[in-house]
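In what follows, a structure is listed as structure tokens, so that the remarks can point back to it.
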Protein chains: 2
Amino acid sequence: MTKPAGRPPRSEEDVTKFRTKVSKGAMALYREQGFEAVSMRRLSKTIGCAPTTLYAHFSGKTEILMLLWSDILSEMAAHIELSLRPITHPVDKLQTAAVIFVTYWIDHPDHFRLVFMSTDVGRSDVDGFLQNTDALQHFRVFDDLISDLDQTNSPLRVQADTLIASLIGLAMCLNTLHGYKWSVMSEMVNQLLTGFINDPEQQH
Amino acid sequence: MTKPAGRPPRSEEDVTKFRTKVSKGAMALYREQGFEAVSMRRLSKTIGCAPTTLYAHFSGKTEILMLLWSDILSEMAAHIELSLRPITHPVDKLQTAAVIFVTYWIDHPDHFRLVFMSTDVGRSDVDGFLQNTDALQHFRVFDDLISDLDQTNSPLRVQADTLIASLIGLAMCLNTLHGYKWSVMSEMVNQLLTGFINDPEQQH
DNA sequence: CATTTAATTGGTACGCGTTCCATAAACTAT
DNA sequence: ATAGTTTATGGAACGCGTACCAATTAAATG
């Protein structure tokens, strides 16, 4: 097992250094000039390399955009937790968090597009697995809110995942499927939450 | 108010004729060669016009892709109704329909991309309003299934819209957000349906 | 007929994501 | 040093969606 000849692969340090440079550059472009400004050509120009070089470090644009997910999602989670501060009743907290969550994506369609509509459909995406795992943990904001209800029906994990995915669906439909007269958002959220608040005494 | 001189705008008949030609051509390309084959240049070539002419009839590619929604969605609705035939119990019917719905989009990621990820985020999209309205009516497959449960809680419209949007959310998350370990789909569907089946005697 | 107005066309152009390939760079072995 | 091997880089190119524009064609009016 001797060292192979030829130029060695870039050191792990250089790899992460480049990745963070790309991440910073992409974030700057996105924050300052919006979604459309984040293009491979402009990004390569701002970080000082050829457009093709990006493809040596990332499988494509999607993987680069994933670097921005963490920022967006933590901002969203912080926004929810801030809105939750004055509220004490567990049911109210959950209901508020759900409404705020959907509202956030409707108020920030660019963020929505970035996180939910910049993915390669139907791909296992082994490359982006790590970033994914990190960023998407912010969806766990609902875990505590649900467990505070002290339900004993189905596993917490199933409940939380279902709630998150459903809320994303609401945001998605209201955001993109105009032409279908959807019901009022808050009413849909309430209807959705009936599946998570089984104790009639907790209902309002 | 006399008629102005000069060539009149194209007759409504010619307009619809061209639109159906585009629709047929786009559908042929999509069915025979997949999503990526539906490009403005190729489409214009197959229907025999200049690429720019398409922009005289449609605001952009999105509006053309909407022409395909109706086909896909009616196929989906038919698929659901077929799977529902051997089932009699109302709760079973709803549960089966929901699972089949989500499964359909996971089994056909290209269809999913076409309907749910080819839209302009955050635009009112007045142009595509009509096609939208027509095609999206296929979401109403769940109306009867819900009303057969004889619930008296919230309006049928709210219930159906919430269910559809939530199921779309499940399909979306399972389709695109790999890297987050979602719960098993059928369990999430069951969790979701608890909000629509309130009578404990109906539960299984 | 000529005129007017609208529809269509083709060409050009921009920036885009992505791929290919030739070259440069960095290392080992001789 | 030199040769050999592997990686990293960047220029050229393809097809894409879309916009602009000049030229042409079509259908009405006078």
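Hydrogens, waters and symmetry mates are skipped; everything else that's a heavy atom, side chains included, is used. Throughout, a chain's letter reflects where its sequence line sits, starting with A, and its residues are numbered from 1.
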Task: Any pair counted as side-chain hydrogen bond (donor to acceptor under 3.5 Å, both in side chains), so long as it reaches residues 70-86 of chain B, sequence neighbours left out - done: B:Arg31-B:Glu75, B:Glu75-B:Tyr104
- [ ] Answer yes or no: is there a side-chain heavy-atom contact under 4.5 Å between A:Trp182 and B:Ile164?
- [x] yes
Task: Whole-Å distance separating the NZ atom of B:Lys61 from the P atom of D:dA19 - done: 14 Å
Task: Rounded interatomic separation in angstrom, taking NE2 from B:His57 and P from C:dA7 - done: 9 Å
TODO: Send over the distance from A:Tyr55 OH to D:dA13 P, rounded to a whole Å.
DONE: 18 Å
Open item on the list: Just the rounded figure in Å: distance from P of D:dG11 to CG of A:Leu54.
Closed with: 14 Å
Open item on the list: Expressed as a whole number of angstroms, how long is the span from A:Leu43:CG to C:dG15:C1'?
Closed with: 15 Å
Under 3.5 Å, which N/O atoms of the protein pair with N/O atoms of nucleotides 9-12 of chain C?
unit_1: C:dT9; atom_1: OP2; unit_2: B:Thr53; atom_2: OG1; d: 2.4
unit_1: C:dG10; atom_1: N7; unit_2: B:Thr52; atom_2: OG1; d: 3.3

TODO: Pull out every residue in residues 28-40 of chain A that has a heavy atom closer than 4.0 Å to any atom of DNA chain C, ordered by number, or say none.
DONE: A:Val38, A:Ser39, A:Met40
- [ ] Look at the aromatic rings of B:His108 and B:His111 and report parallel, tilted or perpendicular, splitting at 30° and 60°.
- [x] parallel
TODO: Check whether the side chains of A:Ser59 and A:Glu63 place a donor and an acceptor atom closer than 3.5 Å, and report yes or no.
DONE: yes
Task: pair B:Asp92-B:Thr88: side-chain heavy atoms closer than 4.5 Å - done: no
Open item on the list: Once you measure the plane-to-plane angle for A:Phe142 and A:Phe101, does it fall in the parallel (<30°), tilted (30-60°) or perpendicular (>60°) bin?
Closed with: perpendicular
Task: Nucleotide D:dT18, atom P - distance to CD1 of B:Ile64 in whole Å - done: 9 Å
Open item on the list: Between B:Ser118 and B:Arg113 (side chain of the first, backbone of the second, donor and acceptor by atom type, cut-off under 3.5 Å), is there such a pair?
Closed with: yes
Open item on the list: Taking B:Lys17's backbone N and O only, do any of them form a donor-acceptor pair with B:Thr20's side chain (distance below 3.5 Å, no angle check)?
Closed with: yes
